[in-house]
Q: 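Before I ask anything, let me first share the structure, which is written out below as structure tokens.
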Amino acid sequence: MAPGILEAFGLPAECKIEPLTSGLINNTWKITAGNDRFVLQRINHQVFKRPFDIAANIRMVDDHLKEHAPQYLFVSPIRTRDHREIYYNEADGHFRLFPFVKGSQTINVVSTPEQAYEAAFHFGKFTRLLSDFDATKLYVAIPDFHNLTLRFRQFEDALLNGNANRIAESKLLINTIKSQSHIVNEFDKIKKDADVRLRVTHHDTKISNVLFDTNGKGICVIDLDTIMPGYFISDVGDMLRTYLSPANEEVKDFTEIDVREDFFRAIVQGYISTMGTALSATEKKLIIYSGQFLIYMQAMRFLTDYINNDVYYGARYPEQNLVRAGNQLQLLKKLNDKAETLHKIVLDETKHS
Ligand code: GN1
Ligand code: MG
């Protein structure tokens with residue numbers, strides 16, 4: 001890391017710097033300066049075209065929470081010595097520094113339903129605490145990020161203009177995606193439905209974005225770059241996508257992919273415990289759909305990227321994005337196969353809310 005960055009935040013040059021490598025998009029480091037610990041992040045400027053909008057979003061949310069929920073732990077960035085939320089230089093890019101929350105840890109794999117419950121509780125609580133904040137005041141950090149209609153168009157566009165060899169190789173997966181375009185039609189209806197509200201949603205609810213204490217209780221949510229106006233299906237959907245299966249999106253042996261019913265119940269319970277009275281009846285009926293929506297979209301994004309020569313996600317081996325897409329379509333199949341059982345769980349868990 002270039003010198004000057006730590007200094008800009010008032011940190012000594014002799015800090016210990018360790019990379020934290022879980023995300024695909026931003027670069028993150030753990031910084032230790034004596035007894036103090038921090039998290040430093042470089043914002044991926046290709047993906048987040050307007051880093052200062054993100055900083056403004058975090059500030060707006062922070063101000064609202066400080067006023068209306070002062071007990072809530074919200075991890076906001078530490079400013080530079082000249083009071084900026086982001087340090088920028090042309091050669092190195094945009095950096096932010098966060099305090100490291102004492103006694104907190106992150107996990108990368110959901111191994112118990114309790115962890116799924118805790119995460120769902122905290123993502124729900126976050127949206128709930130901001131329910132009287134006008135979500136449309138937020139900047140749209142990534143335009144059309146979870147706009148499935150547009151993602152489908154980008155997929156179709158890749159089929160017209162992408163790498164012809166890769167298209168031929170992806171035939172089966174392409175057809176699987178095309179055959180389920182009713183998921184896109186449903187989304188088009190949701191966008192017009194007044195009973196599905198635009199809310200402050202997180203848009204990246206994977207488990208490593210929740211801080212846990214040493215007793216396994218959730219503390220708060222982190223990684224607030226994709227906070228935007230959105231639908232709850234984005235947050236619940238990405239939890240279903242990333243917590244239900246014991247095998248994650250990188251797994252090549254698709255027989256390991258499964259939908260764990262007890263984890264499904266835990267996600268619904270956790271989310272409903274904080275959001276149950278806020279969600280409309282129409283929204284509650286969309287819980288299973290939210291999983292279909294997000295898994296389908298992610299499969300499409302991986303396949304689109306494969307066809308476009310991995311320009312977005314990159315690849316550590318040539319077929320990685322093709323494998324990821326196939327993996328996600330298998331997960332979608334498992335979810336669809338279990339829809340009836342899951343539906344009963346939803347009814348059971350929402351009947352008193
Ligand atoms: C990206 O960088 P990371 O892992 O937090 C992506 C998500 C995808 C995820 C798939 C800004 O998230 O939407 O679900 O990869 N974030 C962006 O692993 O594109
Ligand atoms: Mg992220």
Side-chain angles (χ1 to χ4, degrees), residues 21-25 47 108-110 145-187 204-208 233-234 236-261 263-264 288-339 342:
T21 52
S22 81
L24 297 181
I25 303 298
V47 172
N108 288 318
V109 181
V110 183
F145 186 44
H146 281 187
N147 181 352
L148 185 60
T149 323
L150 178 92
R151 296 291 182 190
F152 194 76
R153 251 185 271 138
Q154 290 173 332
F155 165 69
E156 290 181 307
D157 190 53
L159 296 181
L160 291 175
N161 303 308
N163 177 329
N165 292 331
R166 288 187 167 200
I167 292 173
E169 205 185 337
S170 315
K171 212 68 242 150
L172 210 67
L173 297 189
I174 291 170
N175 289 339
T176 311
I177 287 182
K178 282 186 174 167
S179 72
Q180 296 181 78
S181 60
H182 55 91
I183 300 176
V184 186
N185 302 340
E186 177 75 28
F187 181 67
D204 191 8
T205 56
K206 61 183 177 205
I207 200 68
S208 57
I233 57 171
S234 283
V236 172
D238 213 29
M239 287 192 265
L240 297 175
R241 183 179 84 80
T242 54
Y243 308 170
L244 289 182
S245 174
N248 71 19
E249 67 195 21
E250 301 294 352
V251 167
K252 297 176 193 164
D253 177 359
F254 297 168
T255 64
E256 289 176 26
I257 298 168
D258 197 11
V259 163
R260 300 175 290 188
E261 288 160 32
F263 287 68
F264 180 83
I288 298 172
Y289 173 77
S290 73
Q292 295 166 328
F293 162 76
L294 222 300
I295 297 167
Y296 183 66
M297 180 159 62
Q298 193 61 57
M300 204 181 310
R301 290 177 67 192
F302 283 142
L303 194 59
T304 303
D305 200 39
Y306 181 67
I307 294 170
N308 289 337
N309 298 320
D310 314 312
V311 285
Y312 188 83
Y313 285 114
R316 284 190 304 276
Y317 62 95
E319 288 84 30
Q320 188 168 18
N321 283 311
L322 181 66
V323 169
R324 287 164 166 165
N327 169 308
Q328 295 292 287
L329 288 173
Q330 174 64 14
L331 179 62
L332 181 59
K333 182 178 181 310
K334 286 277 175 181
L335 186 78
N336 288 336
D337 289 349
K338 282 207 176 160
L342 303 182

Q: Which residues satisfy the salt bridge (Lys or Arg N to Asp or Glu O under 4.0 Å) test with D305, sequence neighbours excluded?
A: none

Q: State whether the number of non-hydrogen atoms from other residues, nucleotides or ligands found under 6.0 Å of L172 atom CG is greater than 12.
A: no

Q: Using side-chain hydrogen bond (donor to acceptor under 3.5 Å, both in side chains) as the criterion, list what pairs up with N161, not counting sequence neighbours.
A: D157

Q: Between K252 and Y317, is NZ or CZ placed under 6.0 angstrom from the six-membered ring centre and within 45° of the ring axis?
A: yes

Q: side-chain hydrogen bond (donor to acceptor under 3.5 Å, both in side chains) with S179: which residues, sequence neighbours excluded?
A: none

Q: Restricting to side-chain contact (heavy atoms from CB on, under 4.5 Å), what partner residues turn up for P318, sequence neighbours left out?
A: none

Q: Tell me, please, which residues at least two apart from Y313 pass ring-ring contact (aromatic ring centres under 6.0 Å, His included).
A: F302

Q: Would you please name every residue forming a salt bridge (Lys or Arg N to Asp or Glu O under 4.0 Å) with R166, sequence neighbours left out?
A: D310

Q: Taking side-chain contact (heavy atoms from CB on, under 4.5 Å) as the definition, give me every residue that meets it alongside T149, ordered by chain and number, with sequence neighbours left out.
A: N147, R153, F187, D188, K191

Q: Report the residues that fulfil salt bridge (Lys or Arg N to Asp or Glu O under 4.0 Å) with R241, sequence neighbours left out, ordered by chain and then residue number.
A: D238, E249

Q: With sequence neighbours left out, what residues match K333 under salt bridge (Lys or Arg N to Asp or Glu O under 4.0 Å)?
A: D337

Q: With sequence neighbours excluded, tell me which residues meet side-chain contact (heavy atoms from CB on, under 4.5 Å) with T304.
A: F155, A158, M300, N308

Q: Rounded to the nearest 0.5 Å, what's the gap from CG on L173 to CG on L322? Could you check?
A: 5.5 Å

Q: Taking T205 for the side chain and M239 for the main chain, is one N or O donor matched with an acceptor at less than 3.5 Å?
A: yes

Q: With sequence neighbours excluded, tell me which residues meet side-chain contact (heavy atoms from CB on, under 4.5 Å) with E186.
A: K189, I190, L286, Y289

Q: Among residues two or more places apart or on two chains, list those pairs meeting salt bridge (charged side-chain N to carboxylate O under 4.0 Å, His left out) that have a residue in residues 318-329.
A: E250-R324

